[in-house]
Amino acid sequence: MTVLAATDLDRTLVHSDRVAGPAEAHEVIRLERRRGVTTASLTRRTAASLVALDRVATWVPATTRSVDGYRRLDLARTLGVVPRYAVCANGAVLLVDGVADANWAARVRALIARAAPRREVARLLTGHLGALPHGKVRTADGALLVVRIPDVPDGWVDGLDALVADRGWRVSAHDEKVHVLPAGLEKSAAVAEIGRRVAASRVLAAGDSPLDADLLLAADAGIQPVDGRLHAAGWHADHVAVTAAAGLRAGEEIAAWLLAQAVAFRPGVSSAGDR
Ligand SMILES: [Mg+2]
């Protein structure tokens, strides 16, 4: 009876100072600092739940971060947990024991080959950015294009989407980040592959952004934070719970919820049910 718990990281389990909400300094573990500000932290309570989750389930971090961005969190050092599997770059990379899986990489290359070349879409994006003062294109693992734009003007994202859609690419915008990615590139496909490898009998998921919707929909049960972009957009599904709290406290709630769900599904582990 293997339970797979696939979780987004940023704004689901880990939070930057900007969106952390209230917490005492002694409660908080910092995972990442960039340019003098904390860009990823969680509470000790969240960390403890994740360590326990990793024991009773296959915990799979599933992030849009690049492999380097994921490695910066250094879960082994900060949590004492090394998830065997991780999904990076929104499904473009599947890490197994920290190493990019070659079979998965080949499948992603085949998928990407069906869309227009990245350089062509990058040119379109650069042109579309021309009218904006702050946009800067960054790339992640050769698959995604990521641009950070403070105050994305109305209609700008729709205009970009119209440019790339018939080239087999799609746009996902949340917070200040605009992701442009091949249409078929999804976290849920990589998580399904891991589910096959570990023979998962139940899949749980957690995520906050539109890029997590496929992950949540594909799961047997899931949870999203009340302060997430998906929730703000009115997205819901009957099998996806919503946290009561926001920020770091939502992270605590999500990790505890996943742990309780995983324990309840494993016979003999708890008295929570007879499944
Ligand atoms: Mg997120």
Side-chain angles (χ1 to χ4, degrees), residues 5-21 31-32 34 37-43 46-47 49-50 53 59-73 75 78-79 83 86-93 95 138 140-141 143-149 152 157 170-181 185-191 204-219 222-237 240-243 245-255 257-258:
T7 64
D8 175 55
L9 295 174
D10 293 84
R11 297 198 69 164
T12 297
L13 291 175
V14 306
H15 293 78
S16 66
D17 276 351
R18 191 171 60 81
V19 294
L31 279 68
E32 181 186 60
R34 309 195 77 189
V37 291
T38 299
T39 45
S41 64
L42 44 64
T43 69
T46 302
S49 294
L50 291 174
L53 178 67
W59 173 36
V60 179
T63 179
T64 305
R65 285 175 173 247
S66 67
V67 171
D68 285 349
Y70 171 66
R71 286 187 177 138
R72 273 201 305 273
L73 300 176
L75 300 180
T78 51
L79 302 190
V87 172
C88 295
N90 209 65
V93 182
L95 295 180
R138 297 190 291 118
D141 289 313
L144 319 183
L145 296 159
V146 186
V147 54
R148 195 181 280 274
I149 306 170
V152 182
V157 169
R170 68 186 170 116
V171 181
S172 179
H174 49 99
D175 299 329
E176 297 187 337
K177 275 188 185 168
V178 179
H179 293 92
V180 188
L181 60 168
L185 194 62
E186 295 180 330
K187 291 179 181 179
S188 59
V191 168
L204 307 173
D208 70 291
S209 92
L211 286 172
D212 300 316
D214 65 290
L215 191 65
L216 290 164
L217 280 176
I223 185 166
Q224 63 169 329
V226 72
D227 55 338
R229 173 78 187 213
L230 257 186
H231 187 258
W235 188 94
H236 77 279
V240 177
V242 180
T243 65
L248 289 169
R249 301 297 180 210
E252 288 183 339
E253 215 177 312
I254 288 166
W257 184 92
L258 291 167

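Remember, it's 1-based here, ligands and their atoms both numbered in the order they're listed. Numbering of residues begins at 1 and proceeds along the displayed sequence. As a basis for the values below, the full set of heavy atoms in this structure was taken, side chains included, without hydrogen atoms, waters or symmetry mates.
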* **Any donor-acceptor pair under 3.5 Å from Gln224 side chain to Trp235 backbone** =>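 Yes; judged by distance alone, with no hydrogens or angles, the pair exists.
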* Any donor and acceptor pair, going by atom type alone, linking the side chain of His231 with main-chain N or O of Pro225 inside 3.5 Å? ->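 The answer is no, because no donor-acceptor pair under 3.5 Å joins these two groups.
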* To do: Mark yes when over 12 heavy atoms from residues, nucleotides or ligands other than Arg249 sit less than 6.0 Å from its CZ; otherwise mark no.
  =>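 Yes, CZ of Arg249 has more than 12 neighbouring heavy atoms, counting only those of other groups under 6.0 Å.
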* Asked: Any idea which heavy atoms bring Asp8 and Thr12 closest together, and the distance?
  ->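 In terms of heavy atoms, the two residues are closest at OD2-OG1, 2.8 Å.
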* Closest heavy-atom pair and its distance - Leu42, Leu248 ->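 In terms of heavy atoms, the two residues are closest at CA-CD2, 3.7 Å.
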* Would you say Leu50 and Leu13 make side-chain contact, with heavy atoms under 4.5 Å? ->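 Yes. Closest side-chain heavy atoms under 4.5 Å.
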* Distance filter under 2.8 Å, centred on the Mg ion (ligand 1) - protein N, O or S atoms that pass it ->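 Hits for the Mg ion (ligand 1) below 2.8 Å: Asp8 OD2, Asp10 O, Asp208 OD1.
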